[in-house]
Amino acid sequence: MRNGDSEQAAAQYRLGIAAGRERGARVGLPHLKAAIELDAARGDYWLAYCEALAACGETATAIAVAEGARQQGLSAGAMEALIARLCRESDIAATYSQAVKDHGEGRLQQAAAAYRKVLDLKPDFAEAHVNFASVLQAQGGVEEAIGHFRHAIALKPDFAEAHYNLGNALSAVGHDPLPAYAAAVAARPDYAEAHYNRGIALERAGRQQEAAQAYRAAIKARPDFAAAHTNLGVLLFAAGDMDEALAAYDAALGANPSSAAAHSNKGNALRAKGALDDAENAYKRAVGAEPRFAEGHNHLGDLYRAGGRLEEAIASYRAALDIKPDLAGALYGLGYALTEHGTIGEGFAALTRHAALRAVSESGPDLPHKRLHDQEQRIYLGPAKPDPLGPLWLEDGGRLAGPALNCGNDIAAIERQWESGKPQLVVIDDFLTEEALTGLRRFCWGSTIWREVYEKGYLGAFPEHGVACPLLAQIADELKKMYRKIFLDHPLLQLWAFKYESRLGGIPLHADFAAVNVNFWITPDEANRNTEHGGLVVWDVPAPLDWNFEKYNVDPAAGGNFLAAKDAHATIVPHRSNRAVIFDSDLFHETDSIDFKGGYLNRRINLTLLYGRRAAHMDAH
């Protein structure tokens with residue numbers, strides 16, 4: 001070989017190394033090959049050439065070339081090390097490729113084993129850590145998965161996918177995923193999925209404006225991201241921006257016309273704007289696009305129930321519950337629809353199922369009078385029963401074999417008094433049979449239903465909290481059958497129970513949005529220290545028809561001024577155990593002054609049932 005060839009070989013070698021470093025191994029490969037052809041005795045040229053082949057993905061060729069060079073004695077030790085490394089990397093690559101294939105085809109156990117082998121051979125393989133972690137998470141090993149995601153990030157701090165998947169894993173176990181999502185979008189600003197999941201996490205954290213910004217960033221990165229448009233629409237809807245929400249839902253449907261969630265949420269916005277026919281069509285499109293979309297059926301049920309289309313509402317709620325038996329909103333709607341439709345027992349059963357699902361999340365604000373009540377009830381229940389703030393516990397409140405209402409009262413006289421009364425108000429003593437009274441006391445004392453907390457000092461229990469027991473359904477049914485001239489064809493719309501602490505007073509002046517109000521008391525008479533009071537004050541003037549529920553329930557001062565202007569007069573009905581007051585629910589009324597003994601069983605308890613719609617009742621007058 002001439003000296004000139006040696007110089008040219010060295011020059012080609014330097015060009016190959018520089019080109020590979022600056023523009024990639026494949027660019028430098030021809031120069032390294034030329035160096036070998038000019039000076040085949042240089043082992044370092046062969047080593048560089050084999051490294052470049054491997055870097056270009058031609059590992060098998062690189063191993064064969066290196067083995068040939070080794071056999072010729074060229075850089076024997078270094079060449080042996082290179083061959084060993086390339087063989088190991090080839091094995092890693094083959095194993096990793098098989099792991100990815102198994103992973104993609106759902107063979108998680110085989111994929112996990114292959115990823116473990118890869119990481120045993122190459123612990124610094126960041127992508128393998130991420131893929132292995134994804135398999136572990138799918139198998140339920142979220143905590144181990146989090147460790148591998150963090151390891152990948154330690155190896156490659158700007159590995160956006162690792163940050164994103166770490167955020168998902170942290171969210172799955174209830175930890176804060178926001179720093180991980182923030183790192184993902186910082187590493188890759190156009191990472192639409194990371195922006196989207198960050199929006200969900202921000203929304204859960206109550207940071208709605210930032211969530212909206214995150215959804216907008218996801219949309220900017222991927223304009224056809226239907227779910228991001230939908231979620232943005234939900235936030236705009238919650239903020240009262242109906243037109244903007246509708247625009248977001250339309251954008252979602254433009255990207256994905258079969259998005260059931262977008263159709264359903266569009267229905268919500270249309271309903272809020274009063275476009276009820278359009279809302280109904282949107283809900284129908286939602287369930288048409290996805291027949292097993294339970295929430296769409298539920299929204300249809302709500303629309304029908306609000307419009308008085310009870311049979312259609314019941315069918316829609318049942319469709320939702322066939323898909324999701326524990327869908328709380330559908331149980332709530334079905335319960336009230338069935339109750340209003342006259343199937344009170346079945347309606348109460350649905351509401352009680354709803355109560356069991358929601359009990360822990362509906363414990364009310366932590367106010368001193370609630371804490372005192374719960375402490376007293378905890379002592380009353382004893383250690384064998386659940387905590388008042390825990391899962392719902394219902395004492396026996398079953399139907400009776402005999403009547404619940406006292407049949408010995410003069411029904412005809414009571415009905416005549418109602419029909420001639422101005423105002424319409426009747427008082428019935430010995431309202432319930434002794435068995436029914438005992439059963440209701442047992443139920444109200446022992447059940448952990450007292451979840452609605454009022455700042456003025458009393459507690460409430462509504463059907464969705466568990467008060468809708470079969471015994472009350474029996475009472476509600478028997479009332480309509482026994483006192484037909486009072487209840488006419490008015491359906492049962494609502495019921496509740498209230499429990500009071502004497503030193504804090506009762507419910508202020510208000511009216512109820514119904515036709516007939518039944519209010520009765522069950523606390524033993526010996527608990528009442530003032531037998532002339534402790535019951536109800538009913539005024540002889542109804543609330544104006546143009547006042548809505550909020551007006552005459554939230555603003556008692558307005559009611560007082562109205563009564564004064566009308567020169568209204570009050571009837572005071574003293575508390576008596578097992579006494580019922582039935583009156584025109586339009587009439588203003590309030591709790592009379594309370595002076596009951598202390599102690600859990602002495603707390604004043606009243607139950608209320610409301611029948612008929614107020615507007616229809618007023619029209620009848």
Side-chain angles (χ1 to χ4, degrees), residues 171-172 174 200 203-204 206 230-231 234-235 237-238 260-261 263-265 267-269 271-272 279 282-283 286-287 290-307 309-341 343-365 386-394 397 443 447-453 459-470 472-473 492-497:
S171 181
I200 292 173
E203 199 172 340
R204 287 173 180 166
T230 299
N231 284 17
V234 171
L235 289 178
F237 176 88
H263 280 299
S264 183
N265 283 300
N268 292 342
R271 183 181 173 194
Y283 293 141
V287 298
E290 190 178 329
R292 294 192 60 76
F293 183 50
E295 288 76 7
H297 290 289
N298 181 44
H299 288 319
L300 260 178
D302 289 340
L303 181 72
Y304 291 145
R305 183 166 72 92
R309 298 158 64 179
L310 295 179
E311 292 184 0
E312 292 169 279
I314 290 166
S316 293
Y317 289 134
R318 291 196 195 282
L321 292 167
D322 284 343
I323 300 162
K324 284 188 177 180
D326 288 339
L327 184 58
L331 287 167
Y332 178 96
L334 177 63
Y336 277 108
L338 286 167
T339 299
E340 185 174 351
H341 195 252
T343 316
I344 298 175
E346 188 181 357
F348 279 19
L351 288 163
T352 300
R353 282 178 57 202
H354 171 277
L357 291 172
R358 300 296 301 274
V360 174
S361 64
E362 294 184 348
S363 57
D387 188 279
L389 296 179
L392 182 68
W393 171 264
L394 297 178
F443 176 80
S447 300
T448 59
I449 55 178
W450 305 98
R451 308 281 174 154
E452 193 74 20
V453 183
L459 306 176
F462 288 80
E464 57 268 28
H465 302 132
V467 76
C469 63
L472 274 170
L492 177 66
L493 299 182
Q494 182 58 277
L495 79 150
W496 56 69

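Just the heavy atoms: all of them, side chains too, but no hydrogens, waters or symmetry mates, feed the values below. Keep in mind that this is a model prediction, so the values were computed, not measured. Index from 1, following the sequence.
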Handout entry: Test item: Asn265 side-chain N/O and Ala261 main-chain N/O as donor-acceptor pair under 3.5 Å
Key = yes
Handout entry: Qualifying residues under side-chain hydrogen bond (donor to acceptor under 3.5 Å, both in side chains), relative to Arg292, sequence neighbours excluded
Key = none
Practice task
Hey, could you give me each pair passing salt bridge (charged side-chain N to carboxylate O under 4.0 Å, His left out) that has a residue in residues 314-334? Not counting sequence neighbours.
Solution key: Glu295-Lys324, Arg318-Glu346
Exercise for the section: State which residues pass side-chain hydrogen bond (donor to acceptor under 3.5 Å, both in side chains) with Tyr336; sequence neighbours excluded, sorted by chain then number. Expected result: Glu464, Gln494
Fill in the blank from the handout: Residues at least two apart in sequence or cross-chain that pass side chain to side chain contact (heavy atoms under 4.5 Å, CB included) with Arg204, listed by chain then number, are Ser171, Ile200
Handout entry: From Leu321 atom CG to Asn298 atom CG, the distance as rounded to the nearest 0.5 Å
Key = 8.0 Å
Fill in the blank from the handout: Residues at least two apart in sequence or cross-chain that pass side-chain hydrogen bond (donor to acceptor under 3.5 Å, both in side chains) with Tyr317, listed by chain then number, are Asp302, Arg305
Exercise for the section: Could you tell me whether a side-chain N or O of Thr339 sits under 3.5 Å from a main-chain N or O of Leu492, the two making a donor and an acceptor? Expected result: no
Fill in the blank from the handout: Distance col, row His465:NE2 vs His354:NE2, nearest 0.5 angstrom, shows 8.5 Å
Practice task
Decide yes or no for Leu495 and Pro463: does some side-chain heavy atom of the first lie under 4.5 Å from some side-chain heavy atom of the second?
Solution key: yes
Exercise for the section: Would you name the heavy atoms of Ala461 and Val467 that are closest together and state the gap between them? Expected result: O-CG1, 3.5 Å
Problem - CG on Leu303 to CZ on Arg309, rounded to 0.5 Å - result: 6.5 Å
Handout entry: Check: Leu334 and Ile314 side chains under 4.5 Å, non-hydrogen atoms
Key = yes
Problem - Heavy-atom closest pair, residues Ala279 and Gly267 - result: CB-O, 3.4 Å
Handout entry: Side-chain (His299) to main-chain (Gly296) donor-acceptor, under 3.5 angstrom
Key = no
Exercise for the section: Could you check if a side-chain atom of Tyr283 sits within less than 4.5 angstrom of a side-chain atom of Ser264, using non-hydrogen atoms only? Expected result: yes
Exercise for the section: Heavy atoms only: give me the nearest Ala355-Gly466 pair and the separation to one decimal. Expected result: CB-N, 3.3 Å
Problem - Listed partners of Glu340 passing side chain to side chain contact (heavy atoms under 4.5 Å, CB included), at least two apart - result: Leu310, Pro491, Leu493, Arg613
Handout entry: Check: Ile344 and Leu338 side chains under 4.5 Å, non-hydrogen atoms
Key = no
Handout entry: For Ala320 against Leu327, the heavy-atom pair lying closest together
Key = CB-CD2, 4.1 Å
Exercise for the section: Test side-chain contact (heavy atoms from CB on, under 4.5 Å) on Leu351 and Leu331 and set out the steps. Expected result: CA-CA 6 Å; Leu351 288 163; Leu331 287 167; over 6 Å; no
Completion exercise
Shortest non-hydrogen pair, His297 vs Ala319, comes out as ND1-CB, 3.7 Å
Completion exercise
For Ala272 and Phe237, the nearest pair of non-hydrogen atoms, with its separation, is CB-CE1, 4.0 Å
